[in-house]
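The structure under discussion appears below in the form of structure tokens.
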Amino acid sequence: MKVLGLESSCDETGVAIYDSEHGLLADALYSQIGLHSEFGGVVPELASRDHVRKLLPLVNEVFEKAGITGADLDGVAFTSGPGLAGALMVGACAGRAMAYAWGVPAIGVHHMEGHLLAPMLEETPPAFPFIALLVSGGHTQLVRVDGVGQYAILGESLDDAAGEAFDKAAKMLELPYPGGPQLAKLAESGDLSRFTFPRPMVNRPGLDFSFSGLKTFTLNTIADCRGEGELSAVDRADIAAAFQEAVVDTLSIKCLRALKQEGLTRLVMAGGVSANRVLRARLAEKLSAMGGEVYYPRPEYCTDNGAMIAYAGFCRLQAGQQDELGIAVRPRWPM
Ligand code: KG4
Ligand code: ZN
């Protein structure tokens, strides 16, 4: 079964073809980072327009790379939510129309299900059941996964998502958009012994998160350091390191708690923040100490991409699901 996957929920246009026999046949990605950077964040209208410009050329590119045409497909999958309404609409309209033209089923996929299943594209995929830590710009969730479509949310952020917290702290440190990876880079040269940031909610039972307090703490630390003058390069690196350490520590504590609660030893990390090297190393170390295993997608499939949507769509289509002829998106869609 060959499925074309389209991702256009935010600021990346991703297109890929997944083949159930041969795996991923082709993959193409266009990032709008350059377009939005001067505004310090994603501008929804500009995002939609750029998806319109880039989507079909990327579709042609993956067909060329894979050496197939639309007539060889068995289905088309697209992200139908959550995300920016206009941006989602571009992928949904194009995907639904192409599926209609080629006479194959179409399926709208939940963006976070795409992230969650992305580790399945790796050489050694995790076996069910496992705990998934979904950490992106819009979500922070701990999910028990018993199979495709069998998801139980064990905990989630009550306010900012982990990626959002990274991006906001990065902005305070005057780093360019998107801040998460830039803050992680700056943190590499920071001194961890200088500041200790709080680990929100770790002393309370349960698996929920809260990252908005870290934002205030970062702001206050910056103000203290700055005094009347400018923040030095050393201050910025030290603050970045302390901030990252607090987020990584908090996420790790809750992951271990979730595994223990559910009696599982397999952990899957997915979503943009799972590209964070310190977080990956910390969880790999903790899981190995408890005889467990951690799984994550290769870095390019941690952030938004078409491959994860093609794969999630394949799983859904294989299970006999498909969308009606109409075109609908769900900008807010709980998983
Ligand atoms: O999954 P994703 O590409 O898009 C959403 O679905 O939100 O995640 C993007 C988020 C952004 O907040 C970005 O700053 C964060 O992931 N991110 C990182 C890193 N790479 C991406 N955060 C921390 N460290 C990184 N290396
Ligand atoms: Zn995402």
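All residue numbers in this chain count up from 1 along the given sequence. Just so it is clear, the model here is predicted, and its values are computed rather than measured. Both counts, for ligands and for their atoms, begin at 1 and track the order of listing.
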My understanding is that we take every heavy atom of each candidate and find the minimum distance to atom 20 (N) of ligand 1. Doing that for Ala118, Gly272, Gly14, which one comes out nearest?
Gly272
For ligand 1, note which part of His111 has a heavy atom under 4.0 Å away: side chain, backbone, both or neither.
side chain
Between Arg282 and Glu245, is there a salt bridge with N-O shorter than 4.0 Å?
yes
Measuring from the heavy atoms of Cys10, does anything fall under 4.0 Å of ligand 1?
no
To the closest 0.5 Å, what do you measure between CZ (Phe130) and CD (Glu262)?
13.0 Å
Compare Ala161, Gly180, Ser31, Ser9 and give the one whose heavy atom is closest to atom 22 (N) of ligand 1.
Gly180
Contact partition for Asp304 relative to ligand 1, non-hydrogen atoms under 4.0 Å:
both
Can you tell me the protein heavy atom closest to atom 13 (C) of ligand 1 and the distance?
Asp167 OD1, 3.7 Å
Measure the CE-OG1 distance between Met290 and Thr265 for me, rounded to the nearest 0.5 Å.
6.0 Å
So is Gly138 in contact with ligand 1, going by heavy-atom distances below 4.0 Å?
yes
Ignoring hydrogens and geometry, is there a side-chain-to-backbone donor-acceptor pair from Tyr100 to Met98 under 3.5 Å?
no
For N/O/S atoms only: which one belongs to His115 and is nearest the Zn ion (ligand 2)?
NE2
In Asp304, the N, O or S atom nearest to the Zn ion (ligand 2) is which?
OD1
Can you tell me which N/O/S atom of His111 has the shortest distance to the Zn ion (ligand 2)?
NE2
With a 4.0 Å cut-off on heavy atoms, is His115 in contact with ligand 1?
yes
